[in-house]
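Notes follow once the structure below has been shown.
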Amino acid sequence: GAEGSTLMSYFSKNQIRALKPKITFSTLRDLQCPVLQSDELQGKPEESCSTEELFEWLGAVLNQVSLDNNSSSFLSTYCCPQPNTVVEKAFLCTITGFIIPEKIIQLLEQLWCYFDEPKLAYWLTLTVHGFADSPVSWRESEHGFHKGGENLYNFVIFRNLDYWLHMAVGANDDCPP
């Protein structure tokens, strides 16, 4: 209709185009990491951590929160769950922008291929965040912002090619499919 053609002329006139995603790389040194077993989702005392403990730890790492349980810290007294191991170098890649599902599948496949060659890593993760103020969330339902606008999922891929999938949404959103 007329509205559609008006919008099209507005966009072409102002040369609005998709922005290239911003990619940042960083190396985290001497990082405390939870010990995981792919077949132990609940974890086992003194053997492995649970999926919930991993998810919480990932949040701390991705937000660059200290993991040393410093009592004088006003930000956080969080510490890495037990059992854990110190990894000399962990590689973090962050891609920010509007990313279509096909690209996410491509990234997942590339991560899977990482284990084709002998590598030291026992597991890798891929976290995908929706925008906190996105108008839709899972199942094309309206997305409730309210407090945090949670809208994300996370893959944990193991060397034996097992994987875990976390999904998180706000309390007022539809549950993921």
Side-chain angles (χ1 to χ4, degrees), residues 23-96 99 101 103-132 137-138 146-177:
I23 304 175
T24 56
F25 299 100
S26 57
T27 302
L28 308 175
R29 300 197 177 275
D30 300 323
L31 179 67
Q32 281 184 295
C33 291
V35 171
L36 306 177
Q37 296 293 336
S38 63
D39 57 347
E40 286 293 341
L41 278 74
Q42 303 306 317
K44 267 191 180 173
E46 298 179 26
E47 281 185 37
S48 64
C49 297
S50 69
T51 57
E52 288 88 353
E53 287 173 316
L54 170 74
F55 196 57
E56 190 175 50
W57 173 85
L58 264 178
V61 171
L62 295 176
N63 287 290
Q64 299 176 334
V65 172
S66 168
L67 306 177
D68 59 9
N69 191 17
N70 187 343
S71 60
S72 64
S73 169
F74 290 102
L75 180 62
S76 170
T77 55
Y78 177 78
C79 58
C80 186
Q82 295 283 353
N84 59 53
T85 183
V86 175
V87 173
E88 189 184 325
K89 280 195 293 188
F91 190 60
L92 177 63
C93 172
T94 306
I95 305 171
T96 309
I99 302 158
K103 289 289 180 194
I104 294 166
I105 291 166
Q106 208 175 342
L107 281 169
L108 262 179
E109 286 170 348
Q110 286 174 347
L111 285 176
W112 237 288
C113 290
Y114 181 85
F115 293 117
D116 286 347
E117 301 168 38
K119 302 286 183 188
L120 296 176
Y122 178 66
W123 51 268
L124 307 163
T125 71
L126 172 68
T127 304
V128 181
H129 280 268
F131 296 106
S137 182
W138 299 98
H146 301 284
K147 292 181 181 173
E150 297 85 0
N151 182 19
L152 65 108
Y153 57 93
N154 175 68
F155 280 97
V156 184
I157 305 159
F158 291 91
R159 194 187 290 169
N160 65 1
L161 302 188
D162 282 352
Y163 71 90
W164 294 349
L165 173 61
H166 298 97
M167 293 177 168
V169 290
N172 297 288
D173 288 334
D174 256 2
C175 285

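These numbers come from a predicted model, not from an experiment.
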Quick check against the 3.5 Å criterion: does [X] have a side-chain atom that pairs as donor or acceptor with the backbone of [Y]?
X: R159; Y: A121; answer: yes
X: E109; Y: Q106; answer: no
X: D162; Y: F158; answer: no
X: W123; Y: V35; answer: no

I157 vs T125 side-chain heavy atoms within contact, under 4.5 Å: no

Heavy-atom check, side chain of V156 versus side chain of L54, under 4.5 Å: yes

Could you measure the distance from the [atom1] atom of [X] to the [atom2] atom of [Y]? Nearest 0.5 Å is fine.
X: S48; Y: Q42; atom1: OG; atom2: CD; result: 10.0 Å
X: N84; Y: C49; atom1: CG; atom2: SG; result: 7.0 Å
X: L36; Y: W57; atom1: CG; atom2: CH2; result: 8.0 Å
X: L126; Y: Q110; atom1: CG; atom2: CD; result: 10.5 Å

F25-F91 aromatic ring centre distance below 6.0 Å: yes

Within 6.0 Å of CD in E88, more than 12 heavy atoms from elsewhere: no

For the student: nearest non-hydrogen atoms of C80 and P34, plus distance: SG-N, 3.8 Å

Side chain to side chain contact (heavy atoms under 4.5 Å, CB included) partners of L41, counting only residues at least two apart: T51, W164

Qualifying residues under side chain to side chain contact (heavy atoms under 4.5 Å, CB included), relative to T127, sequence neighbours excluded: L58, L62, H129, L152, N154

Aromatic plane relationship, H166 with F55 - under 30° parallel, 30 to 60° tilted, over 60° perpendicular: parallel

Steps toward side-chain contact (heavy atoms from CB on, under 4.5 Å) verdict (C93, I95): CA-CA 7 Å; C93 172; I95 305 171; 4.1 Å; yes

Test side-chain contact (heavy atoms from CB on, under 4.5 Å) applied to L92 and T94, step by step: CA-CA 7 Å; L92 177 63; T94 306; 4.2 Å; yes

Those residues that, when tested against E40, pass salt bridge (Lys or Arg N to Asp or Glu O under 4.0 Å) (two or more places apart): K44

